[in-house]
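Read the structure below first, then the notes.
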Amino acid sequence: MRAQLARVDAVLIQAVIAAALSFAHLHDVASAAGQDGWKAWAYPISVDLLLVAAWRRLRSGEAKAAGWCWFVIALAASLGANVATAGLLDLGQVPAWLRILVAGWPAVAFLGGTLLAHSAPTATVSDVEEPGEFEDQEDAPEPEPSMQPAIEPPPERPAVPVPAALVEHARKVAAEHHTRTGAPIDAPTLRARLGVPAPMAEAIAAHL
């Protein structure tokens with residue numbers, strides 16, 4: 001536990017030293033480029049915020065290309081200020097291209113911070129799938145068997161051949177039955193009147 005705290009303390013101390021030095025160098029470059037007063041102090045804050053936003057995007061695992069792009073841009077601005085103030089640049093005679101870069105940095109930092117902080121996350125497969133859907137058909141619950149017995153269709157009866165003479169006789173019987181009762185004759189009555197089996201009586205009734 002103590003060893004871990006010692007490593008954490010060393011990292012924090014190193015981070016504070018690096019941030020303080022980079023902060024001061026960025027302030028000096030911005031001030032030499034004509035951004036004096038509070039504006040010179042706003043530049044290092046802008047660079048550090050862009051670095052933090054890019055690092056958070058890299059840690060989130062989404063759109064790493066954009067995160068690396070803006071991280072490199074912010075890191076180049078910080079390292080450039082450190083190198084420029086190391087004696088390679090005369091802060092009394094700042095070139096015009098550096099003044100242009102310093103003047104355009106706020107817009108670049110605002111664009112990068114906005115894209116990193118407010119861009120929509122990439123949709124994953126789990127976001128696209130609707131709740132209740134199963135990724136694998138094997139995981140889907142089996143349908144419960146129905147408690148109602150299956151209704152089987154009645155078996156088809158074979159056609160019974162009926163003689164034409166018997167059909168003519170049945171028509172006469174059916175006409176006499178209809179005249180007497182006022183209702184059409186049914187298969188059981190036709191069977192009783194003709195004295196034929198039930199399948200033949202039904203076949204005769206189908207011809208009437």
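Starting from 1, each residue takes its place in the sequence as its number. Below, all heavy atoms of this structure are taken into account, side chains as well, without hydrogens, waters or symmetry copies.
- At a threshold of 4.5 Å between side-chain heavy atoms, the hydrophobic network of Ile, Leu, Val, Met, Phe, Trp and Tyr places V52 and L116 in two separate groups.
- To the nearest 0.5 Å, the span separating CZ on R171 from NE2 on H178 amounts to 15.5 Å.
- Note on V72: it does not cluster hydrophobically with V83, by side-chain heavy-atom contacts below 4.5 Å among ILVMFWY residues.
- The side-chain heavy atoms of T189 and V173, taken from C-beta on, include no pair separated by under 4.5 Å.
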Which atom pairs, donor and acceptor, lie under 3.5 Å between side-chain atoms of residues 94-107 and protein residues at least two apart or in another chain?
from	atom 1	to	atom 2	distance (Å)
R99	NH1	A33	O	3.3
W105	NE1	S46	OG	3.2

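- The NE2 atom of H27 lies 12.0 Å from the OH atom of Y43; values are rounded to the nearest 0.5 Å.
- Judged as a side-chain contact (heavy atoms from CB on, under 4.5 Å), and not counting sequence neighbours, the contacts of L49 are I45.
- Evaluation of the salt bridge (Lys or Arg N to Asp or Glu O under 4.0 Å) rule for R180 yields E176 as partners, not counting sequence neighbours.
- When every heavy atom of L50 is checked against every heavy atom of G112, the shortest pair comes out as CD1-C, 3.8 Å.
- We find the CH2-CG distance between W70 and L51 to be 12.5 Å, quoted to the nearest 0.5 Å.
- Summarising the geometry, atom CG belonging to L115 is positioned 9.5 Å from atom CZ belonging to F110; distances are rounded to the nearest 0.5 Å.
- Using modelled atom types, one finds no donor on one side chain facing an acceptor on the other under 3.5 Å when comparing S31 with D28.
- Taken from CD in Q35 to CG in L26, the straight-line distance is 13.0 Å, to the nearest 0.5 Å.
- Within 6.0 Å of the NZ atom in K64, the count of heavy atoms belonging to other residues, nucleotides or ligands does not exceed 12.
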